[in-house]
Amino acid sequence: MRVLITGGTGYIGSNVASVLADNHVPVVLYDNYENSYGPEVLDALEHLHRQPDAITPVYGDINETLHLENTLKQMGITHVVHCAGKKSVQESEQNPLAYYDTNVRGTLSLLQAMSAANVKNIVFSSSATVYAPSHYALSEDNVCLAVSTYGRTKLVCEQLLKDATKVGFRVISLRYFNPVGAHPSGLLGDRPKANVSNLFPIIGQVLRKEREFLNVYGNKYATPDGTCIRDYVHVQDLARGHFNALEMLDSIFDPFQVINLGTGRGYSVLDIVNTYARVTNQEIPIRFQEPRPGDVPSSVAHVRYAYDVLGWEAKSSLEDMCLDAWLAER
Ligand code: UD1
């Protein structure tokens with residue numbers, strides 16, 4: 001197996017690369033560094049994995065179909081992990097066409113390049129945001145009803161990938177819940193260049209004193225402490241899920257599979273604040289604000305299918321997630 005990771009220097013892509021390198025799978029990281037500190041991440045990966053040829057960077061855009069095709073052929077790629085994409089809900093509402101361009105046209109371009117290079121195994125970065133909101137654990141056959149443009153681009157990509165199985169593609173679409181934490185070295189964390197809006201990076205800014213306090217969006221939800229509940233999953237556990245998915249691609253019964261990656265446990269915003277403060281021994285000042293538009297009260301994965309199909313389950317505790325996130329943030 002030789003794997004090309006699109007968006008390979010991003011938060012998820014770089015952690016997947018490190019897990020594959022740990023398992024002696026050579027990887028090519030295809031990225032245009034639009035929302036990642038590409039060269040720094042490559043240095044970090046080189047520091048962590050010193051085997052020659054373990055990791056090869058290729059600078060490029062997923063919409064450059066011919067460049068992708070040539071890369072796939074020249075590098076002898078057998079499998080693709082497709083992480084490249086835009087992921088900010090708010091930005092997707094302000095600039096929907098850019099989201100369709102990168103996420104949907106980019107995925108089509110990748111599939112065309114893969115088809116021309118006769119590489120037909122792909123693991124796709126999808127998101128739990130595709131599900132219709134529910135207070136119960138979300139299983140893969142739950143109704144999908146993405147409320148944001150970002151979520152709809154992920155759903156369109158899944159449909160595109162499903163149709164591609166008619167011409168021989170084998171697809172596992174991984175629906176991530178809330179990836180947090182970092183590589184335990186602290187070197188591969190969530191460091192977007194723009195649009196920092198996720199809870200963990202913002203807590204990092206508060207602890208570094210770049211922000212006075214954390215805005216907690218809503219405290220009157222129908223949840224035990226009134227704040228939203230999410231299924232936070234350690235990014236290294238999530239990355240292991242990609243390795244399992246790559247290994248299982250040849251043997252899946254249905255050539256298109258969607259699989260949740262989460263822990264099956266929900267934590268509230270206040271649970272996160274309290275745990276993060278406790279394990280780092282620091283205070284996190286908060287202010288309650290009005291709910292953030294588009295937030296759902298609860299989003300927790302049903303995780304049985306991931307275990308059945310991939311033999312995968314998340315292992316890290318919330319304490320580990322907070323400690324590793326802080327190692328990368330400070
Ligand atoms: C968000 C996206 C989701 C995307 C995921 C990963 C929305 C509505 N959803 O998930 O589509 O896949 O990021 O990029 O944007 N919170 C605060 N204060 C903050 C930031 C967050 O209270 O400053 C709360 C939020 O209200 C939410 C929880 O923390 O309840 C988690 O927020 P966040 O990390 O942004 O993830 P999601 O909104 O779940």
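All values reported here derive from a predicted model rather than from experimental measurement. Just follow the structure's listing: the first ligand is 1, and inside any ligand the first atom is 1.
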Near [X], which atoms of ligand 1 are under 4.0 Å from a heavy atom of that residue?
X      : result
Thr129 : 11 (O)
Val269 : 22 (O), 24 (C), 29 (O), 30 (O)
Ser127 : 12 (O)
Cys228 : 30 (O)
Ser197 : 20 (C), 35 (O)
Val216 : 22 (O)
Tyr232 : 28 (C), 31 (C)

Which residue and atom name correspond to the protein heavy atom nearest [atom], and how close is it?
atom                    : answer
atom 39 (O) of ligand 1 : Arg230 NE, 2.6 Å
atom 4 (C) of ligand 1  : Tyr150 CE2, 4.0 Å
atom 6 (C) of ligand 1  : Asn198 ND2, 4.0 Å
atom 22 (O) of ligand 1 : Tyr217 N, 3.0 Å
atom 38 (O) of ligand 1 : Arg292 NH2, 2.7 Å

Distance alone, cut at 3.5 Å: any donor-acceptor contact between the side chains of [X] and [Y]?
X      : Y      : result
Glu93  : Tyr150 : no
Ser316 : Asp237 : yes
Asp324 : His234 : yes

Pair Phe256 and Phe169, ring centroids less than 6.0 Å apart: no
Aromatic contact, Phe288 with Tyr217 (centres under 6.0 Å):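 Here the rings of Tyr217 and Phe288 have centres that are no less than 6.0 Å from each other.
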Heavy-atom nearest option to atom 9 (N) of ligand 1, drawn from Val206, Val89, Asp295: Val89
Per atom 17 (C) of ligand 1, closest listed option by heavy atom (Val273, Asn219, Val130, Asn215):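 Looking at heavy atoms only, the winner is Asn215.
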Geometric cation-pi criterion, Arg175 with Tyr131: 6.0 Å, 45°: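 The answer is yes, since Arg175 meets both limits relative to Tyr131.
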Geometric cation-pi criterion, Arg191 with Tyr37: 6.0 Å, 45°: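 Yes, Arg191 and Tyr37 form such a contact.
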Just let me know how [X] lines up against ligand 1, side chain, backbone, both or neither, with a heavy-atom cut-off below 4.0 Å.
X      : answer
Ser88  : neither
Leu214 : side chain
Tyr176 : neither
Ile202 : side chain

Mutual orientation of the aromatic rings belonging to His67 and Tyr30 [parallel < 30°, tilted 30-60°, perpendicular > 60°]: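 It falls in the tilted class, 30° to 60°.
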Parallel, tilted or perpendicular: ring planes of Tyr59 versus Tyr33, cut at 30 and 60 degrees: perpendicular
Close approach of Tyr221 to ligand 1, heavy atoms, under 4.0 angstrom: no
Ligand 1 N/O within reach of Asn178 N/O, cut-off under 3.5 Å: yes
Leu199-ligand 1 polar pair, N/O distance under 3.5 Å: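 Yes, since at least one N or O of Leu199 sits under 3.5 Å from an N or O of ligand 1.
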NZ/NE/NH1/NH2 to OD/OE distance under 4.0 Å, Glu69 and Lys73: yes
Electrostatic pair Lys193:Glu34 at N-O distance under 4.0 angstrom: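 So Lys193 does not pair with Glu34 through a salt bridge.
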Pair Tyr99-Glu91, side chain to side chain donor-acceptor pair (under 3.5 Å): steps then yes or no: CA-CA 9 Å; Tyr99 271 67; Glu91 189 192 36; 2.4 Å; yes
Reference residue Arg105; test side-chain hydrogen bond (donor to acceptor under 3.5 Å, both in side chains); the match among Thr102, Thr107, Asp101: Asp101
